[in-house]
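The structure appears right after this line, and notes come after that.
In what follows, residues are counted from 1 in the order of the sequence shown.
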Amino acid sequence: MAPHSPTALGQLNYLAYSEAVRGRAHDGQPLPAWEDLSEAAQGGWIAGAASVADHAVGDWAAARETQGGPR
């Protein structure tokens with residue numbers, strides 16, 4: 001898996017969330033490992049991470065254009 005692939009970003013996003021909530025869900029139950037999430041749940045984390053990445057790249061490109069830098 002490429003380090004910046006949508007799947008890798010989704011997994012990283014889920015790991016960061018899990019660490020932020022100390023591995024616990026809203027009801028105190030332990031969060032499952034990435035591998036144990038359903039395909040739909042993984043897809044949600046992947047879509048969220050991909051959306052943030054797309055937004056960040058768009059912001060970066062717009063800033064470069066404004067500064068007259070290379071595209």
Side-chain angles (χ1 to χ4, degrees):
M1 176 179 353
H4 294 94
S5 72
T7 300
L9 291 175
Q11 188 172 3
L12 182 62
N13 192 26
Y14 180 72
L15 178 60
Y17 171 76
S18 182
E19 288 177 0
V21 298
R22 297 188 175 166
R24 299 286 172 178
H26 66 91
D27 60 1
Q29 295 296 312
L31 290 172
W34 173 259
E35 297 78 23
D36 296 331
L37 291 176
S38 69
E39 196 172 304
Q42 285 185 3
W45 285 101
I46 291 166
S51 177
V52 170
D54 287 347
H55 184 76
V57 168
D59 286 352
W60 179 83
R64 296 294 292 165
E65 240 178 67
T66 301
Q67 296 171 2
R71 295 182 189 132

Distance-only donor-acceptor hits, side chain of residues 40-51, under 3.5 Å, sequence neighbours excluded:
from  : atom 1 : to    : atom 2 : distance (Å)
Gln42 : NE2    : Trp34 : O      : 2.7

* Working to the nearest 0.5 Å, report the span between CD of Glu19 and CG of Leu31. => 11.5 Å

* Does Val21 share a hydrophobic cluster with Tyr14, counting links as ILVMFWY side-chain heavy atoms below 4.5 Å and allowing steps through other members? -> yes

* **Joint cluster assignment, Leu37 & Tyr17, ILVMFWY side-chain distance < 4.5 Å** => yes

